[in-house]
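Structure record follows, encoded as structure tokens.
All of these numbers come straight from a predicted model, not from anything done at the bench. All residue numbers refer to positions in the sequence shown, counting from 1.
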Amino acid sequence: MIQTIKELGDFKSNYENQGNARSPVLSIVVQNPNKDGNCPKVLMAVFEKVSEKDTIKFNYKEIRVEDFSKDKILKYLYRKKAPQGPDFTLSSKITEVDKFFKNKIESWVEKYKSTNNMFINSLCNAVERSKDSIKKDLETKYREVKSQLKKNEGCLFTVGIIQDEDIKYIGDFEDFRVLLIENVKEDYREIAQKGHICSVCGERKDEVYGNSINKVFKFYTLDKPGYIAGGFDKFNAWKNAPVCFECTLKLEEGKKFMDEFLKYKMGGQQYYLIPKFIFGLEEEKKDIVKTFFKCTLNPEKNVPDFESIKRISNDEKEILEVLVGNLKDILTYNFLFFKVKKEKFEITCLIEDVLPSRISTIYKTKREVESFEIFKNVKVGKNKYMNIEFTFDVFRKFVPSINSFLEIVDKTFKKVKFNSDLLFSWFMERIRESYMKQEVLEAFLSFLFFKRLGVLFEENYEQKGGKIMNELKEKIEEFFNKFPDIFYTPSHKTVFLLGVLTQELLKIQFKDRGSTPFRKHLKNLKMKEEDFKRLFPQIQNKLEEYKKNKNYYRDLESLISLYFIESGKNWKINTDELNFYFVLGMNLSDEISNYLKIKEEVENE
């Protein structure tokens, strides 16, 4: 995976720096202080440059306020370092002014005021000489700006220099650019080895570092002895994963790209979508890379019908269907699910080497199962209708734990089969609490999705009894034949239709009494085979009591009786599965009546 992320950083760097004369190194080491949108303002300490013979002098002028600009990221030259010490340059995020100025600015000046670089040395002296004025002006401006910002928003502090009547930023000066790159190298040199082979590119380099991966990815740690090759000495960690400076930067760029453009959510869990390009024809590979970055860097602009694409999660940024639709199987995808707690990065699931063709199959199946009429324009509230769609976020609410959810996601993408009994137990645990039609149909759609996708073990239920046919049965068989992989035994059909009849009785009771006392006979949807057989005559008796047992109800009872005969004894279907089909029938009673074209007849009784 590390190799894959390094290649991703390499591709991105080459893609973005085509025709750019400036070295891509700087664009990698510089960070965006406003990447989360919480640093919209910049407070700039402006100095005027005055040249005197062979010396350079700077005079402090003022604090200026400007809006953050993405086009000036390389000019700000921001890169975060230790929370309690100075950052890599004089650009730093402001917290509380006194504390910020002491920890970030004064400590940086103290560190570099004795440098041999005349430019930086003179600027440090100017800051030190005018620190009281700078801090006073900064407090005033920060207070004014802070009152206009939202609670979680802050400001970036940086330095500007007036030169030839023009304002320049520290990133405009070669002295600061070189200093930043050297400081980054020095930061990695804490654990280093000379003349060794890089574990990422495989080449012998003048210098490799043992803490590169640790600094880029927080899931790799060097603070526990068990993680270090050679024993307890942290400085032997270069033996674990030696990485050269060039590969370190590419890893950092790959991670940066993942954070900005390839981080999504599914089922409430964050994940990275990491492409892995397979070796193939070089020209074809270049076209694929270009298409991939074009879609991910600016999907709203470069993805046709961006608002209407299908998604398997509730994340509106997800463009997975577009990526697999445009790209061939010369790349695979890794899905890296993770959680971050107190800045600790923990991988919760890694699904590797998923081909675009497999993802295309998942989307094709999603479209197929969502096309059935029973999932369209479903009433979910008073005067509120919606189409029921499958996403893993919808499925997640039925799953009791995130680990179980990720296990199903993993098996779905890898086409590893699992037992449907697990699904029915999860579905029924939630349905028993609500009886909501929306949730029943969402569960049915999820079951249908996994069934059609071929990731459920096939159940070999024994087919009992002969086929008895009449006109009404021919009609209902037309409905069942739309879902041959769902209604595949007479027993499943029996309990489904029994659910339809039960719901009709409950509607009659509610209309007559304003309550549904018969619901107590349903045993909180934990009925077994003998319970369903006992329930059937009880429903018939109640319909007789209400003087409604005629026409449609008698035809439906005859139909159920035929399926009971075909089902025989000992169905060998687990309780949750039986009750799921039963409650599905309850929630589709109106649709079945419409399908059988008998609703009008019932309403006119």
Side-chain angles (χ1 to χ4, degrees), residues 266-267 310-314 321 358-378 380 386-399 405 408-409 411-413 415-431 434 436-461 476-497 499-500 525 573-574 576-592 594-595:
M266 181 188 292
K310 286 285 185 180
R311 296 178 173 88
I312 54 174
S313 71
N314 291 348
E321 184 182 31
R358 176 58 182 169
I359 300 172
S360 293
T361 300
I362 289 173
Y363 276 96
K364 182 181 177 182
T365 304
K366 169 183 164 67
R367 289 181 178 275
E368 177 188 333
V369 298
E370 289 174 352
S371 66
F372 292 107
E373 282 299 316
I374 59 173
F375 301 120
K376 297 186 181 300
N377 202 33
V378 176
V380 295
M386 66 177 287
N387 293 333
I388 304 296
E389 297 183 356
F390 174 83
T391 66
F392 280 101
D393 291 77
V394 168
F395 173 66
R396 170 68 183 95
K397 67 184 181 182
F398 295 103
V399 186
F405 170 73
I408 297 297
V409 174
K411 289 181 177 180
T412 301
F413 280 104
K415 200 178 179 179
V416 176
K417 292 191 176 186
F418 55 93
N419 201 312
S420 59
D421 289 353
L422 192 64
L423 296 183
F424 291 126
S425 66
W426 291 342
F427 292 155
M428 291 311 302
E429 187 171 344
R430 186 172 180 97
I431 290 170
S434 65
M436 287 175 59
K437 181 173 183 176
Q438 178 182 343
E439 290 195 343
V440 172
L441 289 181
E442 287 172 344
F444 180 41
L445 181 59
S446 299
F447 174 53
L448 190 60
F449 170 79
F450 292 121
K451 189 76 173 178
R452 292 283 167 96
L453 197 56
V455 292
L456 296 181
F457 285 115
E458 295 296 328
E459 301 289 351
N460 296 316
Y461 294 117
I476 196 63
E477 282 293 332
E478 287 179 10
F479 173 81
F480 290 146
N481 287 336
K482 291 184 177 182
F483 309 96
D485 45 354
I486 303 298
F487 298 100
Y488 45 92
T489 72
S491 306
H492 290 91
K493 298 172 184 178
T494 301
V495 293
F496 174 80
L497 291 175
V500 173
L525 297 179
I573 303 175
N574 77 59
D576 286 324
E577 185 173 348
L578 285 174
N579 284 271
F580 176 76
Y581 277 79
F582 177 78
V583 77
L584 184 62
M586 291 179 66
N587 282 274
L588 289 178
S589 62
D590 289 339
E591 285 78 3
I592 295 300
N594 287 329
Y595 193 85

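Note: F496 CZ to I592 CD1 = 4.0 Å, rounded to the nearest 0.5 Å. Atom-to-atom distance recorded for E321:CD and K366:NZ is 8.5 Å, nearest 0.5 angstrom. Between the CD atom in Q438 and the CD1 atom in I388 there is a gap of 5.0 Å [rounded to 0.5 Å]. Here CG of L525 is found 6.5 Å from CE of M586. Values are rounded to the nearest 0.5 Å. Distance CZ/F413 to CG/L453: 9.5 Å, rounded to 0.5 Å. Rounding to the nearest 0.5 angstrom, the gap separating the NZ atom in K411 from the CD1 atom in I408 is 6.0 Å.
Relative ring orientation between F424 and F580 is described as tilted, the plane-to-plane angle lying within the 30° to 60° band. Between F427 and F398, the angle of the ring planes goes over 60°, which puts this pair in the perpendicular group of the 30/60° scheme. Aromatic ring pairs are classed by plane angle as parallel below 30°, tilted from 30° to 60° and perpendicular above 60°; the pair F444 and F375 is tilted. Taking the six-membered ring for Trp and thresholds of 30 and 60 degrees, F487 and F479 have ring planes inclined between 30 and 60 degrees apart.
For the side-chain hydrogen bond (donor to acceptor under 3.5 Å, both in side chains) test, no residue two or more places apart in sequence or in another chain qualifies with S446. Not counting sequence neighbours, the partners of T391 by the side-chain hydrogen bond (donor to acceptor under 3.5 Å, both in side chains) test are N314. Evaluation of the side-chain hydrogen bond (donor to acceptor under 3.5 Å, both in side chains) rule for K376 yields no partner, not counting sequence neighbours.
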Evaluate side-chain contact (heavy atoms from CB on, under 4.5 Å) for R396 paired with M266, printing each intermediate quantity in order.
CA-CA 9 Å; R396 170 68 183 95; M266 181 188 292; over 6 Å; no
For side-chain contact (heavy atoms from CB on, under 4.5 Å), just list the numbers for L445 and F372, CA-CA rounded to whole Å, side-chain angles, deciding distance to a tenth of an Å, and then say yes or no.
CA-CA 10 Å; L445 181 59; F372 292 107; over 6 Å; no
I'd like to know whether R452 forms a side-chain contact (heavy atoms from CB on, under 4.5 Å) with D485, so could you lay out the CA-CA distance, the side-chain angles of the two residues, the decisive distance to 0.1 Å, and finally the verdict.
CA-CA 8 Å; R452 292 283 167 96; D485 45 354; 2.6 Å; yes
Go through the steps for F449 and F395 under the test ring pair (Phe, Tyr, Trp, His ring centres under 6.0 Å), then give the verdict.
CA-CA 10 Å; F449 170 79; F395 173 66; 8.8 Å; no
Evaluation steps, salt bridge (Lys or Arg N to Asp or Glu O under 4.0 Å), between E442 and R430:
CA-CA 11 Å; E442 287 172 344; R430 186 172 180 97; over 6 Å; no
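Checked by atom type and distance alone, the side chain of N574 pairs as donor or acceptor with a backbone atom of E577 at under 3.5 Å.
One finds no salt bridge joining R311 and E389 here, because no Lys/Arg side-chain nitrogen approaches an Asp/Glu carboxylate oxygen to under 4.0 Å. Ion pair E373/K482 not flagged as a salt bridge, since none of the NZ, NE, NH1 or NH2 atoms sits closer than 4.0 Å to an Asp/Glu carboxylate oxygen.
The minimum heavy-atom distance linking I362 with I312 is given by the pair CG2-CG2, 4.3 Å. Taking each heavy atom of V380 and M386 in turn, the nearest pair found is CG1-CG, 3.6 Å. Considering every non-hydrogen atom in both A443 and I431, the closest pair reads CB-CD1, 4.2 Å. Between D421 and N419, the closest heavy-atom pair is N-OD1, 2.9 Å.
Considering only heavy atoms from C-beta on, L497 comes within 4.5 Å of F480 through its side chain. Using a 4.5 Å heavy-atom cutoff, the side chains of N387 and E370 are not in contact. For the pair L441/L588, a side-chain contact is recorded, criterion being any heavy-atom separation below 4.5 Å from C-beta on. The closest side-chain heavy-atom distance from H492 to I573 is below 4.5 Å.
Within 6.0 Å of NZ on K397 lie more than 12 heavy atoms contributed by other residues, nucleotides or ligands. Within a 6.0 Å radius of CD in E368, other residues, nucleotides and ligands contribute more than 12 heavy atoms.
A centroid separation of less than 6.0 Å is found between the aromatic rings of F450 and F418.
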